[in-house]
Amino acid sequence: MILLNERCKGCGLCVRQCPFAAIEVIDKLAQFKDNCTNCGACAEVCKFNAILEEEKSTSNVNLENYDGIWVFAEQRQGKLSEVALELLGIANELAIQRQTGVTAVLLGQHIKIISNELIAYGADRVIVVDNPDLNHYRTEPYTYVLADLIKKYRPEAVLLGATTIGRDFAPRLARRLGTGLTADCTELAVEPKEKIILQTRPAFGGNLMATIACPNHRPQMSTVRPGVMQKLPLDTNRRGDIIEELYHIPPEVIRSKVIELVKAAKASINIEDAEIIIAGGRGAGGQEGFHKLIELADMLGASVAASRAAVEAGWIDHAHQVGQTGKTVKPKLYIACGISGAIQHLAGMQNSSCIVAINSDPNAPIFKVADYGLVADIKEVLPVLAKQLQAVSLSA
Ligand SMILES: Cc1cc2nc3c(=O)[nH]c(=O)nc-3n(C[C@H](O)[C@H](O)[C@H](O)COP(=O)(O)OP(=O)(O)OC[C@H]3O[C@@H](n4cnc5c(N)ncnc54)[C@H](O)[C@@H]3O)c2cc1C
C-alpha cells in the first residue's frame, strides 16, 4: 500500500479496519508494518483518499507468445489412461474457441505406437519423448522433460488428469514454470472477452464451485477430474503430426529410483473403466448383501461399486467407492441398489449412459437421475434377477 503523507490526518480509521493489525499511527501518520498483505481494506475506508493500492503484480510474460492447448497423455505400461482421451475432448472445445490447435504430449518408453490413438481421439499433433528414464512415472525426469518442452513450444494451456500421477506432477511443473495451477477441475471454458480459461472446481466439500483464472502467467494449467469430460468418438481417419523429441536427462536430476512395481490388489479394481457397474449402498444391508451383488456382477461381467455409507460400514473397500470423495464412473449401465442418491454420490455416477435404481423408498432422490426405477426390496429383487440371468445364459 502507498500512503500519501500530505493527505493522511492520522485519524486511525484504517487501523481499525485492517484485518491483520498491520497499521499503526505514529506522529499523526499511518505506518504500514511488515505483515501488510496489500488487501486494500484500508484504502477502501480512508475518507481522505490518502492510501493507494500498489499496482497488482502482473507478470512480464508476453501473452501473445503463447499458443495452443496441450494435453499430458498419461500412459501406464503403454496403455493410455481414459482421462487423457477425455482431456483431448475438452481441449478440442477450448481450441475451437481459441482458434488454435491441440497437442498431446506423450512421455514414456516404447510408446510411439500409441500416438495414433491420440490423433484418432482429437490431437492435431503429438510430441513424443521416448526415453528409458521415462519408462515408469517419476516426478523428476517427467518434470525435467515437460517443463523444457513447455518452455520451447510455449502452449497457452496445459491440461493433466487429476490422477495420482497428475496430482503429483502438475504442482511440481507449475512451480518450475512459475505459473498458476487449478487442481481437480470439473469444468473448463473460455472467457469470451479476455479469452482466458475459466477453471471451475468444487471447493469446501463440494458446497462451493470456485471459478479460477490465470490471467497474467502462461501456460494456464489445470488438472481435470477423470470421468467428467467427454471424449470424442474414435476417428481413425483423422490425421496429425507426430514430433519426436530426444532428451538426455542428466542423472543428477533423478533422485528417485524404481526398485519394484507392486500392483496392489486394489489396483485391479478399476471401476472407472467398467462398462457395467452394480453399486450397493446402505440398503444392501451388510457384507452378505454385497456378496449377493458380487455374484450378480460376475454373471453380468460387471464391476461392483458402493456408496460411502457402505464403505464406511466396512462392507467393501474404499477402492469401490463412487462419488465426490470416491471415483467418478461413466459406465453404459449403472445399477444402484439401496442407494438413496445423495448429491455427493450422484457427483460420481450421474453421467452414466443408463441408470437403473432399485430402492424401497419411492421418494429416494436416486429416482430423479434414474432412467429405470424399481421400488422394491433388493433382498427380493436380486435373487429373481440372478435366476433370470442364469436362465438367459443357459439358453444362450
Ligand atoms: C464431503 C462429503 C463427501 C462425500 N462423499 C461421498 C462419496 O464420494 N460417495 C458417496 O456415496 N457418499 C458420499 N458422501 C455421503 C453422502 O452424503 C451419503 O451419506 C451417502 O451417499 C449415503 O449412502 P447410501 O445411499 O448408501 O445410504 P443412505 O442414504 O442411508 O440410503 C440407503 C437407501 O437404501 C434404501 N434401502 C434400505 N433398505 C433397502 C432395501 N432392503 N431394498 C431397497 N432399498 C433399501 C433406503 O430407502 C435408502 O434410500 C459424502 C458426504 C460428504 C459430507
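Hydrogens, waters and symmetry mates are skipped; everything else that's a heavy atom, side chains included, is used. First listed ligand is number 1; within each ligand, the first listed atom is number 1.
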Undergrad: Quick check on contacts: which atoms of ligand 1 are under 4.0 angstrom from a heavy atom of T325?
TA: 3 (C), 4 (C), 5 (N), 6 (C), 7 (C), 8 (O)
Undergrad: For the hydrophobic clusters of this structure (ILVMFWY residues joined by side-chain heavy atoms under 4.5 Å, transitively), does one cluster hold both I119 and I69?
TA: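 Hydrophobic grouping puts I119 with I69.
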Undergrad: Which of the atoms in ligand 1, numbered in the order shown and given with their element, are less than 4.0 Å from a heavy-atom of D361?
TA: 47 (O)
Undergrad: Compare G281, S360, G338 and give the one whose heavy atom is closest to atom 39 (C) of ligand 1.
TA: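 The nearest heavy atom belongs to S360.
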Undergrad: Under the side-chain hydrogen bond (donor to acceptor under 3.5 Å, both in side chains) test, which residues partner Y372, sequence neighbours left out?
TA: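 Residues passing side-chain hydrogen bond (donor to acceptor under 3.5 Å, both in side chains) with Y372: none at all.
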Undergrad: S307 heavy atoms, cut-off 4.0 Å: which ligand 1 atoms fall inside?
TA: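 That gives atoms 11 (O), 23 (O), 24 (P), 26 (O) of ligand 1.
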Undergrad: Regarding ligand 1, does A342 bring an N or O atom to under 3.5 Å of one of the ligand's N or O atoms?
TA: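 Between A342 and ligand 1, no N or O pair is found under 3.5 Å apart.
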Undergrad: Contact between L232 and L88 at the side-chain level, heavy atoms closer than 4.5 Å - yes or no?
TA: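 No. Closest side-chain heavy atoms not under 4.5 Å.
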Undergrad: Please identify which atoms of ligand 1 are closer than 4.0 Å to at least one heavy atom of K379.
TA: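 Those atoms are 41 (N).
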Undergrad: Could you tell me whether some N/O pair between I378 and ligand 1 is separated by less than 3.5 angstrom?
TA: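 Yes; at least one N/O pair falls below 3.5 Å.
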Undergrad: Give the atoms of ligand 1, by number and element, whose distance to some non-hydrogen atom of G323 is under 4.0 Å.
TA: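 Near G323, the atoms of ligand 1 are 7 (C), 8 (O), 9 (N).
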Undergrad: Number the atoms of ligand 1 from 1 as they appear, then name those within less than 4.0 Å of a heavy atom of G326, with their elements.
TA: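 Those atoms are 8 (O).
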Undergrad: State, with a plain yes or no, whether a side-chain heavy atom of E44 is found less than 4.5 Å away from one of I51.
TA: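 Side chain of E44 against side chain of I51, heavy atoms only: no contact under 4.5 Å found.
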Undergrad: Mind checking whether A376 contacts ligand 1 via backbone (N, CA, C, O), side chain (CB onward), both or neither, at a 4.0 Å heavy-atom cut-off?
TA: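 The part of A376 near ligand 1 is the backbone, not the side chain.
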Undergrad: I'd like to check K292 versus E288 (side-chain heavy atoms, cut-off strictly below 4.5 Å). Are they in contact?
TA: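 In short, these two side chains touch, coming nearer than 4.5 Å.
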Undergrad: For ligand 1 and V322, I'd like to know whether there is a polar contact (N/O to N/O, distance under 3.5 Å).
TA: yes
Undergrad: Quick one: CG on L385 to CG on L296, what's the gap to the nearest 0.5 Å?
TA: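 Output value for this atom pair is 5.0 Å.
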Undergrad: What is the ring orientation for Y142 with Y137, classed by angle as parallel under 30°, tilted 30 to 60°, or perpendicular over 60°?
TA: perpendicular
Undergrad: Among I358, N359, D377, L374, which residue places a heavy atom closest to atom 46 (C) of ligand 1?
TA: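 Residue with the shortest heavy-atom distance to the ligand atom: N359.
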Undergrad: Using a strict 4.0 Å cut-off to heavy atoms of G283, name the atoms of ligand 1 that fall inside it.
TA: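 Numbered from 1, ligand 1 contributes 32 (C), 34 (O), 36 (N), 37 (C), 38 (N), 39 (C), 40 (C), 41 (N), 45 (C).
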Undergrad: Could you name the option among Q321, K327, R282 that has the heavy atom nearest to atom 7 (C) of ligand 1?
TA: Q321
Undergrad: Can E140 and S256 be counted as having a side-chain donor-acceptor contact under 3.5 angstrom?
TA: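 Yes.
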Undergrad: Tell me, do L149 and V129 make a side-chain contact under 4.5 Å, heavy atoms counted?
TA: yes
